[in-house]
Student: 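Mind looking over this structure? Questions follow.
Chain naming here is simple, since letters A, B, ... match the order of the sequence lines and numbering starts at 1 in each.
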Number of protein chains: 2
Amino acid sequence: MRDSRHESPNPVEKLAPKAVVGRVSLYLRQLEAFRAQGQVTISSNQIGTALGINDAQVRKDLAFFGQFGHPGVGYRIDELLTALRRILGIDRDWPMALIGLGNLGRALLKYRGFGDRGFNIAALFDNDQTKVGMRFNDLVVHPLDDLPKVIADKNICLAILTVPAEAAQRVADQVVACGILGILNFAPMPLNLPPTVGVVAVDLSVQLEHLAYKVLNTQGGISYLGSTFRDEHDSLE
Amino acid sequence: MRDSRHESPNPVEKLAPKAVVGRVSLYLRQLEAFRAQGQVTISSNQIGTALGINDAQVRKDLAFFGQFGHPGVGYRIDELLTALRRILGIDRDWPMALIGLGNLGRALLKYRGFGDRGFNIAALFDNDQTKVGMRFNDLVVHPLDDLPKVIADKNICLAILTVPAEAAQRVADQVVACGILGILNFAPMPLNLPPTVGVVAVDLSVQLEHLAYKVLNTQGGISYLGSTFRDEHDSLE
DNA sequence: TAGATTGTTAATCGATTAACAATC
DNA sequence: TAGATTGTTAATCGATTAACAATC
């Protein structure tokens, strides 16, 4: 009974913490930069220094996924690049569906930055009748009813959601029903989906709120901005 | 000597951890949703349940900034909304400069979603001669040389950076020299700036890489995607 | 009053850093 | 070999959760 379970080729012991994966993306970029300068090997200390990260952290993050280094030598850049690309899954193409052709959606469509890493938008969807049939970047806008057919035809497994907040959950349910495995959600609305679907949320106003908070609470800038702060009514203690 | 130090109106004991501020933004949205449904008070448990967060965490996060609740009653929604808006700094207007009118920049310009929370783009900059002088949304594109003048005139203290990676550090230095206090950085490039300047980075390809990683390492979806994974050369235990 | 819910302290859990034997 | 640097264990630090007296 027990060996009916299908062995995954690289043993997925457990999912790396979010923070680790984020740093691995940074290591990847930093390695590309070092390679562009002609460097061949690199130490955890060099990577860490360049990114403001502790060298033990760099080694531990990498060790999470396997043994990539050479004691006394460091990491061979080409080797590590290949390994990290494979770990992150960007050693392949990822055709994506872009759903919602409002301003943000159209911008993401034109944005270069994705394609570099194998992510490319392969199909467009919108429910707005005035948009269906329009062409952007050689791609025609489909109605959402076409999701099942187009997703299957183009072998799409990721979706970018740039629809209004009210529509987000409904559209997400639709794409999941078509077998989509991951969603990059730009709608300011948390999605409730089965755990088998990967979701990454990008909420731009949350980011701006964080920035405003930082600016107001960082020494130096507060003084001349603090003017509105006076009419506290209830500051007991 | 010692009382020459200027007392800040709300005592900034220490900066809240990033995670706390992020959750406060979520609480804010959730409170707005509950209020729209006509609710007047709310418990930490209700907030937490709606967002998938432990109730003790909700109380602790809020308690970080002061006492907003009423034992036995919960939180009065209007009161808490006002307090949270003030804490996050969105109880005011934030005129912003948008620098870089490539695709992403132009999209952010048209994107609604910012203005709701007091963030509004008040000036445009680009160094591309073909763009300088163009108009978008009633705003004319200035060359970067105009930064000092325009920023002072319009009382701008935040900048959105949507310039190419190569230009990011240089442009960031320029805006900081003009007295900008916070930067929302979309360039895939960590900025090296004085600690008095608030920086929030939004790297879209980092997000996509994380999504790809999740999709590949989540039970269920891997099987038919894992085909490229075979030629490992060095998997020694 | 009894029931509900806060703010906060103590206990747990997880993530970061320091230290070092093993290795090239 | 001596010096450098890894992978990993142990120590530290911080963040999350449980528990509960204080309060309405």
Student: Quick one: is A:Y75 getting a side-chain N or O under 4.0 Å of the D:dA4 phosphate, OP1 or OP2?
Tutor: no

Student: Can you check the B:D61 CG to C:dG7 P distance for me, whole Å?
Tutor: 12 Å

Student: Could you state the atom-to-atom distance from CG of A:L62 to P of D:dG7 in whole Å?
Tutor: 7 Å

Student: DNA chain C in dot-bracket, Watson-Crick or G-U pairs under 3.5 Å, [ ] crossing, | other strand?
Tutor: ..||||||||||||||||||||||

Student: Check the distance between C:dT8's C1' and B:F64's CZ and give it to me in whole angstrom.
Tutor: 15 Å

Student: Round to the nearest Å and state the distance from A:F65 atom CZ to D:dT8 atom P.
Tutor: 14 Å

Student: Do any pairs count as a salt bridge (charged side-chain N to carboxylate O under 4.0 Å, His left out) and have a residue in residues 169-181 of chain A, sequence neighbours left out, and if so which ones?
Tutor: none

Student: With sequence neighbours excluded, what pairs up with B:R59 under the side-chain hydrogen bond (donor to acceptor under 3.5 Å, both in side chains) test?
Tutor: B:S44, B:D55

Student: Tell me every residue that passes ring-ring contact (aromatic ring centres under 6.0 Å, His included) with B:F114, counting only those two or more places apart in sequence or in another chain.
Tutor: B:Y111

Student: For B:Y27, give me all partners under side-chain hydrogen bond (donor to acceptor under 3.5 Å, both in side chains), at least two apart in sequence or on another chain.
Tutor: B:D61

Student: Over how many whole Å does the gap from B:R76 atom CZ to C:dA4 atom C1' extend?
Tutor: 14 Å

Student: In chain order, what residues pass the ring-ring contact (aromatic ring centres under 6.0 Å, His included) check against A:F65, with sequence neighbours excluded?
Tutor: none

Student: With sequence neighbours left out, write down each residue that passes side-chain hydrogen bond (donor to acceptor under 3.5 Å, both in side chains) with A:N120, or none if nothing qualifies.
Tutor: none

Student: Ignoring hydrogens, what is the shortest heavy-atom contact between B:L216 and A:G89? Give both atom names and the distance.
Tutor: CD1-CA, 3.3 Å

Student: Do any pairs count as a salt bridge (charged side-chain N to carboxylate O under 4.0 Å, His left out) and have a residue in residues 199-209 of chain B, sequence neighbours left out, and if so which ones?
Tutor: A:R29-B:D203, A:R29-B:E209, A:R117-B:E209

Student: Just grab all the salt bridge (charged side-chain N to carboxylate O under 4.0 Å, His left out) pairs involving residues 185-194 of chain B, residues at least two apart or on different chains.
Tutor: none

Student: Nearest-Å distance, CD1 (B:I77) to C1' (C:dT5)?
Tutor: 15 Å

Student: Using a 4.0 Å heavy-atom cut-off to protein, can you give one letter per nucleotide of nucleotides 17-24 of chain C, 5' to 3': B if the base is in contact, S if only the sugar-phosphate is, - if neither?
Tutor: BBB---BB

Student: Return the set of residues passing side-chain hydrogen bond (donor to acceptor under 3.5 Å, both in side chains) with A:T49 (not counting sequence neighbours), or none when no residue passes.
Tutor: A:N45

Student: Does C:dT6 have its OP1 or OP2 closer than 4.0 Å to a side-chain nitrogen or oxygen of B:S44?
Tutor: yes

Student: I need the minimum non-hydrogen distance between B:G182 and A:L211, along with the two atoms involved.
Tutor: CA-CD1, 3.9 Å

Student: Check DNA chain D against residues 16-36 of chain B and give the residues with a non-hydrogen atom under 4.0 Å, in numerical order.
Tutor: B:P17, B:R23

